[in-house]
Amino acid sequence: MYHVMKCIVIGSGPGGLTFALAAKRNRADVVVVEKAGDPKGSDAGYTNRSFNLTINSIGRKILSNDALDGSIAVYGRAIHNFQNTGEIKYSSNVDKTKDDEVLMSIPRPILRRNMVSIAEKNKINIQFNTEAIKLHPENGEVVVRRNGDIKILKGDLIVVADGLWSIADEQLKKLYRGNLSLKTDPLKYITINLNKRVAKNLNLNYIHFWHNSDKTSVAIGLPNKDKTISALLVSQFKGVDISESPFTNITAGKLRLRADFPGIFKLDENILDQLLLREQGLLYYKSAEDIVLGDKCIILGDAGSASPPWAGFGANTAIYSADALARYVFSERNNLVKNLNDYQLHNQIVTKYVREFAKEHGEFLSKNVADNPNKRPIGPVMGEIIKKSILETPISAGVSLLNI
């Protein structure tokens, strides 16, 4: 008699829902628990904590067109002159006819809303406002809390996809003697949105970069379908404690913008309205070598490995990893423990190359791009990383990974 596998997914981000959908296609019984509310019932537009995701060819091969509804194609990049002359110092284009070179820019809340709608249409049970508070990896139990009520969910497999600050962190430290690295990048960030009036003179199919003269700060802009541009302002914000805002008042704010982001300031002084009293966020590198917790639990996405958004690989890595995990779990071999450990080996190789590239690319974006803008043309970098990782992984019989 066929056994219906019951999967409990913690987190309804791109990685968690990609796995949930793949598991459902494999006739699994899937429950997703999500601490946040239903994005369809609240504002799913631009938020202070979110920056756009760039979905590359890997993500687009796995996600449906419906998931990317509300995205816009990115065909190139523009490096703006940091001397504040208004000129573009450098621009590059990809071949629009080559699908693996084109990126899709989409706000994170919109992608989340789309994926939740798709999951619900596929009759996946998503329990919003439900927090996982304890894991029992060996017996497949998750203790959850909703509106003060405590209950226990039990499954054959727990997939922990709850992001950087994960419920699995303490489990990792206990089981692997602290084998969990979480480091902060020296740069911090704030996000803003350039409105249609400001963005009208900027190419809406480009990623935009603005550097300051001493190369300690950079602004990165990604276009939106509604003809606005979401911008990530990255700086050391020297002299400002992480708990404070670099933009405490109009006078100090203007001085800070002129010093750190002259290109953005030139576009529109009114951008300061979005920045007043806005606190800065931290950028993290996270690494857990072992992501298998017991016989019935595995960690996915940023919960196990994360990098700052320098290379645009975060969501794409989570989506690929979720797809690969499902291919291992639901392979022809009826041995979940072996499948999880074999997947872990492949994931270790993928995340190693992703972290290496992200760190190197971050150095390039924050320091070198102003002088060497042509060194890193946009293109199918992650596809090459995945191909290399697949070649280096001893793929077991019965496992068929994504055809890159």
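In this chain, residues are counted from 1 in sequence order.
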Q: Hey, is CD on E131 packed in by over 12 heavy atoms from elsewhere, all under 6.0 Å?
A: yes
Q: Under 6.0 Å from the NZ atom of K6, do we count more than 12 heavy atoms belonging to anything else shown?
A: yes
Q: Report yes or no: does T130 contribute a side-chain atom to a donor-acceptor pair with the main-chain N or O of F128 at less than 3.5 Å?
A: yes
Q: Could you check whether any side-chain N or O of R60 sits under 3.5 Å from a backbone N or O of M104, counting only pairs where one atom can act as donor and the other as acceptor?
A: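 The answer is no, because no donor-acceptor pair under 3.5 Å joins these two groups.
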Q: Treating Q344 as the side-chain partner and D290 as the backbone partner, does any N or O pair qualify as donor plus acceptor under 3.5 Å?
A: no
Q: Nearest 0.5 Å please: distance from the CZ atom of F247 over to the CD atom of Q280.
A: 9.0 Å
Q: Is it the case that the ring center of F265 lies less than 6.0 angstrom away from the ring center of W210?
A: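 So the answer is no for these two rings.
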Q: Under a 3.5 Å distance rule, please check whether N205 uses its side chain to pair with a backbone N or O of A73 as donor and acceptor.
A: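 A pair under 3.5 Å: yes.
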Q: Considering all heavy atoms of both residues, which atom of F261 and which atom of A219 are nearest to each other, and what is their separation?
A: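 Taking every non-hydrogen atom into account, CD2-CB, 4.2 Å.
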Q: Measure across A303 and K286 and return the closest heavy-atom pair with its distance rounded to 0.1 Å.
A: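 That would be O-NZ, 2.9 Å.
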Q: Write down the atom of I72, the atom of P223, and the distance for their closest heavy-atom approach.
A: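 Reported closest heavy-atom pair: CG2-O, 3.3 Å.
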Q: Looking at N65, I'd like to know if its CG atom is crowded, meaning that more than 12 non-hydrogen atoms belonging to other residues, nucleotides or ligands lie closer than 6.0 Å.
A: no
Q: Under 4.5 Å between any side-chain heavy atoms of Y343 and I291, yes or no?
A: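 Yes, close enough: below the 4.5 Å cut-off.
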Q: Answer yes or no: is there a side-chain heavy-atom contact under 4.5 Å between I124 and V9?
A: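 Not touching, per the 4.5 Å side-chain cut-off.
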Q: So N203 and Y75, do their side chains get closer than 4.5 Å, heavy atoms only?
A: no
Q: In Å, rounded to the nearest 0.5 Å, how long is the span from NE2 of H208 to CD1 of I229?
A: 4.0 Å
Q: So do the side chains of N224 and P107 get within less than 4.5 Å of each other, counting heavy atoms only?
A: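 Touching, per the 4.5 Å side-chain cut-off.
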Q: So I167 and V142, do their side chains get closer than 4.5 Å, heavy atoms only?
A: no
Q: Which pair of non-hydrogen atoms, one from F51 and one from S230, has the smallest distance, and what is that distance?
A: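 Of all heavy-atom pairs spanning F51 and S230, the closest is CE1-O, 3.4 Å.
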Q: If you define the side chain from C-beta out and look only at heavy atoms, does anything of I10 sit under 4.5 Å from I158?
A: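 In contact.
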Q: For A78, is there any backbone N or O sitting under 3.5 Å from a side-chain donor or acceptor partner on S91?
A: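 Such a contact is absent between S91 side chain and A78 backbone.
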Q: Could you tell me the separation between the CD1 atom of I220 and the OG1 atom of T191, rounded to the nearest 0.5 Å?
A: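 Rounded to the nearest 0.5 Å, the CD1-OG1 separation comes out at 12.5 Å.
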Q: Does Q236 use its side chain to pair, donor to acceptor, with the backbone of S217 at less than 3.5 Å?
A: no
Q: For a 4.5 angstrom cut-off between non-hydrogen side-chain atoms, does L182 reach W165?
A: yes
Q: Is K154 reaching over with its side chain to a backbone N or O of N139, donor-acceptor style, under 3.5 angstrom?
A: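 Yes, because the side chain of K154 sits within donor-acceptor range (under 3.5 Å) of the backbone of N139.
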Q: Could you go through the side-chain contact (heavy atoms from CB on, under 4.5 Å) check for L68 and N114 one step at a time?
A: CA-CA 7 Å; L68 294 175; N114 292 345; 6.0 Å; no
Q: Please report the C-alpha distance between R197 and D268 in whole Å, then the side-chain angles of each, then the deciding distance to 0.1 Å, and finally whether the salt bridge (charged side-chain N to carboxylate O under 4.0 Å, His left out) criterion is met.
A: CA-CA 9 Å; R197 182 180 62 80; D268 187 358; 2.9 Å; yes
Q: Do D38 side-chain atoms and K40 backbone N/O form a donor-acceptor pair below 3.5 Å?
A: yes
Q: Would you say the side-chain atoms of E101 pair up with the backbone N or O of D95, donor to acceptor, closer than 3.5 Å?
A: yes
Q: Taking all non-hydrogen atoms of both residues into account, name the closest pair between P137 and Q171 and its distance.
A: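 Taking P137 first and Q171 second, the nearest heavy atoms are CG-OE1, 3.9 Å.
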Q: Looking at every heavy atom in both E120 and I126, which two are closest together, and how far apart are they?
A: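 Taking E120 first and I126 second, the nearest heavy atoms are CG-CD1, 4.2 Å.
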Q: Please test V159 against C7 for side-chain contact (heavy atoms from CB on, under 4.5 Å), starting from the C-alpha separation and ending with a verdict.
A: CA-CA 7 Å; V159 177; C7 300; 5.6 Å; no
Q: Establish, from distance only, whether the side-chain atoms of S287 and S181 form a donor-acceptor pair under 3.5 Å.
A: no
Q: Passes side-chain contact (heavy atoms from CB on, under 4.5 Å), L194 versus L202? Steps please.
A: CA-CA 10 Å; L194 308 181; L202 301 172; 4.3 Å; yes
Q: Is there a side-chain contact between T393 and L401, using heavy atoms and a 4.5 Å cut-off?
A: no
Q: Just verifying a value: how many Å separate R355 CZ and K359 NZ, rounded to the nearest 0.5 Å?
A: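 Interatomic distance, R355 CZ to K359 NZ, rounded to 0.5 Å: 10.5 Å.
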Q: Would you find a donor on one side and an acceptor on the other, under 3.5 Å apart, between the side chain of D185 and the backbone of L187?
A: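 It does hold such a pair.
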Q: Roughly how far, to the nearest 0.5 Å, is the CG atom of D226 from the CG atom of L204?
A: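 Going from the CG atom of L204 to the CG atom of D226 covers 9.5 Å.
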Q: Does I298 form a side-chain contact (heavy atoms from CB on, under 4.5 Å) with F19? I'd like the steps, not just the answer.
A: CA-CA 12 Å; I298 193 161; F19 177 82; over 6 Å; no
Q: If you measure from the Lys or Arg side-chain nitrogens to the Asp or Glu carboxylate oxygens, is any gap between K121 and D66 under 4.0 Å?
A: no
Q: Could you grab the distance from atom NE2 of H346 to atom CD1 of I386, nearest 0.5 Å is fine?
A: 6.0 Å
